[in-house]
Amino acid sequence: MTQPHIVIIGGGAGGLELATRLGNKLGRKGKARITLIDRNHTHIWKPLLHEVATGTLDVEIDQLSYRAHAAAHGFDFQLGSLTGLNREQQQVILAPVLGDDGEEVLASRALQYDYLVLAIGSVSNHFNTAGVGQHCIFLDSPAQANRFHRHLLDAYLKLNSPGHPKDTLNIAIVGAGATGVELAAELYHAAAELNLYGFDDLRKDRLNISLIEAGPRILPALPERIANSALKELQKLGVKVRTSTKVTAANAAGLQLGDEHLEAELMVWAAGIKAPDFLASLDGLATNRLNQLLVNPKLQTTNDSRIYAIGDCAGFPLPDGKWVPPRAQSAHQMASLVARNILAEFSGKPLQDFKYNDHGSLISLSRFGTVGSLMGNLVGGAMMIEGRIARLAYISLYRMHQVALHGWIKMLVISLVARINRIVRPRLKLH
C-alpha cells in the first residue's frame, strides 16, 4: 500500500515545526511520507531578521540546514518555489531552480499530495507607493537582511572616512510596528559595538535614524502604555519618531512625506504585510484582501478540506471581527493544531477547532531594554513587564521555537554553544 504523502510548502516557523512533528510521528514510523519545500536551503527565525540586518546576529552561524534537519527527523526536503496548484489532480507545481549564473539547476516539477499544507508566510506591503519597490529595502528574508547589512557596512566605511562629505548617516525606517522599532534600537547597539573594531568616528550623534509611522502612535498592535514605554526608550537613544506621517513616494535621495523631502542614504520599509499575490489566483482557493487563504475552524481552506493553511498566509477571523495576527506565536499554535488534526485523520478521530490564545507581545530594544505584556487574552493586556524579566521572556520565545525543532536537551546545548561563541567570536558580523 502506498504511503500517504503530506506536502508542506514553506519552512518558516510554522512550516518547519509542523514538518518536524509529523516527521517524528509519522515519517520515522513509515506511516506517511512528509515533504517540506522551501526556496531557501536554510531556516532562520523571522523575528531575528532585524539582528541579521545590523550584523548583531551572524546568519551563517545561527541558521539551520533544512536538509540536515529533515534527515534527523524523518521527513524529506526539496528546494523549490510553488508556482501552481491543480486541486483536481492533487498536484503542486514547482518553478525551476536557477543557479547564481542563471543556469537551470532543477527543472519545473509536479508533486502529488494527499494532504497539502501551505505555510508560505508573508511579504512586505508597500501599498503601491511610488518608488518604494526600487529604493527601499525590505526585511522579509535572510537575503534581504543580508543586503541591508552590506549597504550598512558600506555606509559606515564612508562615514568613518576622513574625506566623507557628510557628518551623519541618515537612515529612514517606515513602519513603527515590532520590526521597525526593534531595528531602530538595534542600529544604535551595532554602532556602539563598531567602535571596538576601528570605527572610531562612528559616534552616536552621527547616526540619524527616523522612524516614520502613518498611524497616531508606534506599536499600534500593543497596549498604549507599552507603546509609550518603548517610545521613551527610543527617544533616549536619539531616534526621531514621527507619527501620523504618510510616505507618498521614495527616490534615490530619500522619502517624500507630502510636501516635505526626508533625506536618507538607507531606507527600510516595514509598514505592513500581505500574503504573496499569487495566492489570490491559486486554483480557486478563497482569499481575503491581504491575499491570505481563508480557512475554516479546522484550518482547512474553505473550499478544499485536503489543503490546510497556517501562519501569515492563513486568514482566520476572530470573534471580534479581526484576523489572527501575523505573529510567530500564531504560526506555532496553528502548526500544533494542524499536526493534531492530520494525526487525527490518520487514526479516524474527530478534528479539533482552532482557538487563538494571545500570550501577549514583547518588544526588544536590543541591550537598551525590553517591554511587553504577558497573557494578554487573560488579563486584558494589563500585565505589563519590562527590564530583565521582559528580556528573559523575549529570549524564551526563541528558545521554545528551538525546543519544538530539537527538543530540550539539544536546545540547551545550542544555547551553551551560543554563549561560547559570544566569547570567542566578534560581537558583530563585520563582512
Worksheet item: What's the spacing between Thr56 OG1 and His189 NE2 if we round to 0.5 Å?
Response: 6.5 Å

Worksheet item: Quick check, are the ring centers of His69 and His406 under 6.0 angstrom apart?
Response: yes

Worksheet item: Roughly how far, to the nearest 0.5 Å, is CD1 of Ile6 from CD of Gln3?
Response: 10.0 Å

Item to complete: Decide if the gap between the ring center of Tyr356 and the ring center of Phe316 is smaller than 6.0 angstrom.
Response: no

Item to complete: Verify whether one side chain among His5 and Thr35 offers a donor that lies under 3.5 Å from an acceptor in the other.
Response: yes

Worksheet entry | Heavy-atom closest pair, residues Ile273 and Ser122 | CD1-OG, 3.5 Å

Practice prompt. Please check if atom CD in Glu103 has more than 12 non-hydrogen atoms from other residues, nucleotides or ligands closer than 6.0 Å.
Written response: no

Discussion item. To the nearest 0.5 Å, what is the distance between CG on Leu266 and CZ on Phe148?
Written reply: 5.0 Å

Worksheet item: CD1/Ile226 to CG/Leu219 distance, rounded to the nearest 0.5 angstrom?
Response: 9.0 Å

Discussion item. The criterion is salt bridge (charged side-chain N to carboxylate O under 4.0 Å, His left out); which residues satisfy it with Glu260, sequence neighbours excluded?
Written reply: Arg242

Fill in: Residues Asp38 and His43: side-chain donor-acceptor under 3.5 angstrom
no

Worksheet item: Going by distance alone, is a donor N or O of one side chain under 3.5 Å from an acceptor N or O of the other, for Arg147 and Gln144?
Response: no

Fill in: Enclosure of Lys298 NZ (heavy-atom neighbours >12, cutoff 6.0 Å)
yes

Worksheet item: Just by distance, do the side chain of Asn291 and the backbone of Ala275 share a donor-acceptor pair under 3.5 Å?
Response: yes

Practice prompt. Could you pull out all residues at least two apart from Thr179 that satisfy side-chain hydrogen bond (donor to acceptor under 3.5 Å, both in side chains)?
Written response: none

Item to complete: Answer yes or no: are there more than 12 heavy-atom neighbours, outside Arg39 itself, under 6.0 Å from its atom CZ?
Response: no

Discussion item. I'd like to know if Asp358 and Arg327 make a salt bridge, using a cut-off of under 4.0 Å between side-chain N and carboxylate O.
Written reply: yes

Worksheet item: Can you find a side-chain donor-acceptor pair between Asn296 and Thr302 that sits under 3.5 Å?
Response: no

Item to complete: Give the C-alpha distance, both sets of side-chain angles, the deciding distance and a yes or no for side-chain hydrogen bond (donor to acceptor under 3.5 Å, both in side chains) between Glu17 and His401.
Response: CA-CA 8 Å; Glu17 288 184 15; His401 174 59; 2.7 Å; yes

Hey, can you pull the donor-acceptor pairs under 3.5 Å for the side chains in residues 71-82, sequence neighbours left out?
unit_1	atom_1	unit_2	atom_2	d
His73	ND1	Asn24	OD1	3.1
His73	NE2	Leu405	O	3.4
Gln78	OE1	Arg109	NH1	2.9

Item to complete: For the pair Thr248 (side chain) and Gln256 (backbone), establish whether a donor and an acceptor sit closer than 3.5 Å, ignoring hydrogens and angles.
Response: yes

Practice prompt. Can you establish whether the number of heavy atoms outside Asp259 located under 6.0 Å from its atom CG is more than 12?
Written response: no

Discussion item. Please identify which of these residues, His332, Lys355, Gln352, meets the side chain to side chain contact (heavy atoms under 4.5 Å, CB included) condition with Leu337.
Written reply: Gln352

